[in-house]
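The sequence lines fix the lettering, A, B, ..., with proteins before strands; numbering per chain opens at 1. No experiment lies behind these values; they were computed from the predicted model shown.
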Protein chains: 2
Amino acid sequence: MAHADTDAAPRSLCPISLALDVVGDKWSLLILRDLMFAGKSHYRELLQSDEGISSNILAERLKRLVEAGLLTKTDDPSHKQKAIYRLTAMGIDLLPAIAQLGIWGRKYQPVTKESAAAAAALEKGGPELLKTMKAELRRQHLGKQAAE
Amino acid sequence: MAHADTDAAPRSLCPISLALDVVGDKWSLLILRDLMFAGKSHYRELLQSDEGISSNILAERLKRLVEAGLLTKTDDPSHKQKAIYRLTAMGIDLLPAIAQLGIWGRKYQPVTKESAAAAAALEKGGPELLKTMKAELRRQHLGKQAAE
DNA sequence: CCGCATCCCTATAGATACTG
DNA sequence: CAGTATCTATAGGGATGCGG
């Protein structure tokens, strides 16, 4: 069983450290990336990321992220089987951090042309573009459920 | 022995994923934080972080970060014993990402007043303040060695 | 002392196979 | 399809050793 305790005692009270206690692992930010940029919302879609996350890890991370308040999990009204994972406002607010990591990655790590283009646009667009993207994410993920 | 391979095959070509391959572990960003915000530069100082990193882990991460090009290691001219770790331009360019994580942490995780103040200043200051801080870091870390 | 390197041992991450 | 069970690999804590 071994339930994942979301609050396993913070390492320190530094905000950066606290943030890393939540998303400072190998996969969480990539899951959020797929929800933000790839428009994914189902377990199966998230399982098919390029990086190849394992099913148990994905399940555990999704649970953690829901418990931490970054995601919501609701039943798909059409297909009873599927669950829909959506970002909360708290999750959407990680967009700037993730975007900055992308900008850095594009600048210093060898990368394909296409992914470079997106990151370049982000860097040039700056805060304006981020605002636009956050507004879009809010519509998609928070849309019909208003608060929370 | 088991030398730390810096290039253990990227998980994907996504810039975000590539960035996380370098600094997406539990400690690297905290080490960079201490170099950026706490003005630390010696092994000893880094060992004394609030989060309590182990000596072997710190040594390994420092080596990794030097090999990855985020840090330089030079001998302290005064004390022959001590080594000095400095940020490279590549390391300094992670400031925005780290700052964004701090802003998020302050906003969504319970935090002390003092650490909140710094993060609040960062959020209000925005890109302007980041520019100032980066310039300062460049003077401190790249100062006398110009290029890299 | 300082900066690590090495061992040992535990905890957690993660791959694979399987189940409702 | 969405997870769970099982097993293995790796990360990491703590103590200690060791050259400079």
Which atoms form the tightest heavy-atom contact between G91(A) and M36(A), and what is the distance? O-CE, 3.2 Å
In whole angstroms, how far is the P atom of dA15(D) from the CD1 atom of I57(B)? 15 Å
Looking only at side-chain N and O atoms, does W27(B) come under 4.0 Å of OP1 or OP2 in dA11(D)? no
May I ask you to verify whether the side chain of S55(A) and the base of dA17(C) hold a donor-acceptor pair under 3.5 Å? yes
Across all chains, not counting sequence neighbours, the side chain to side chain contact (heavy atoms under 4.5 Å, CB included) partners of K73(B) are V66(B), A83(B), Y85(B)
Per the under-4.0 Å heavy-atom filter, residues of residues 36-53 of chain B near DNA chain D come out as none
Whole-Å distance, L58(B) CG to dA11(D) P, equals 16 Å
For atom CD of E60(B) and atom C1' of dA11(D), their distance in whole Å: 8 Å
R11(A) side chain reached by L30(B) side chain, heavy atoms, under 4.5 Å: yes
Within-4.5 Å side-chain heavy-atom neighbours: T88(A) and L71(A): no
Minimum-distance nucleotide to K82(B) side chain [options: dG3(C), dG12(D), dA17(C)]: dG3(C)
Flag the pair K131(A) and E128(A) as a salt bridge only when some basic side-chain nitrogen lies within less than 4.0 angstrom of an acidic carboxylate oxygen. no
Less than 4.0 angstrom between a side-chain N/O of K63(B) and OP1 or OP2 of dC4(C), yes or no? no
Return the set of residues passing ring-ring contact (aromatic ring centres under 6.0 Å, His included) with W104(A) (not counting sequence neighbours), or none when no residue passes. Y108(A)
Answer yes or no: is there an ion pair linking D25(A) with K26(B), defined by an N-O contact shorter than 4.0 Å? no
R11(A) CZ to dA11(D) P, straight-line distance once rounded to whole Å: 16 Å
I need the CD1-P distance between I84(B) and dG3(C), as an integer number of Å. 11 Å
Sorted by first residue and then second, give each salt bridge (charged side-chain N to carboxylate O under 4.0 Å, His left out) pair with at least one member in residues 35-44 of chain B; sequence neighbours left out. D34(B)-K40(B)
Enumerate all atom pairs, one protein N or O and one N or O from nucleotides 8-12 of chain C, separated by less than 3.5 Å.
none

Check the phosphate of dA2(D) against Y85(A), side-chain N and O only, distance under 4.0 Å to OP1 or OP2. Yes or no? no
Rounded to the Å, how far apart are D21(B) CG and dA13(C) P? 17 Å
Would you give me the side-chain donor-acceptor pairs under 3.5 Å for residues 50-57 of chain B, sequence neighbours excluded?
from: E51(B); atom 1: OE1; to: R33(B); atom 2: NH2; distance (Å): 2.9
from: E51(B); atom 1: OE2; to: S12(A); atom 2: OG; distance (Å): 2.6
from: E51(B); atom 1: OE2; to: R33(B); atom 2: NH1; distance (Å): 2.9
from: E51(B); atom 1: OE2; to: R33(B); atom 2: NH2; distance (Å): 3.4

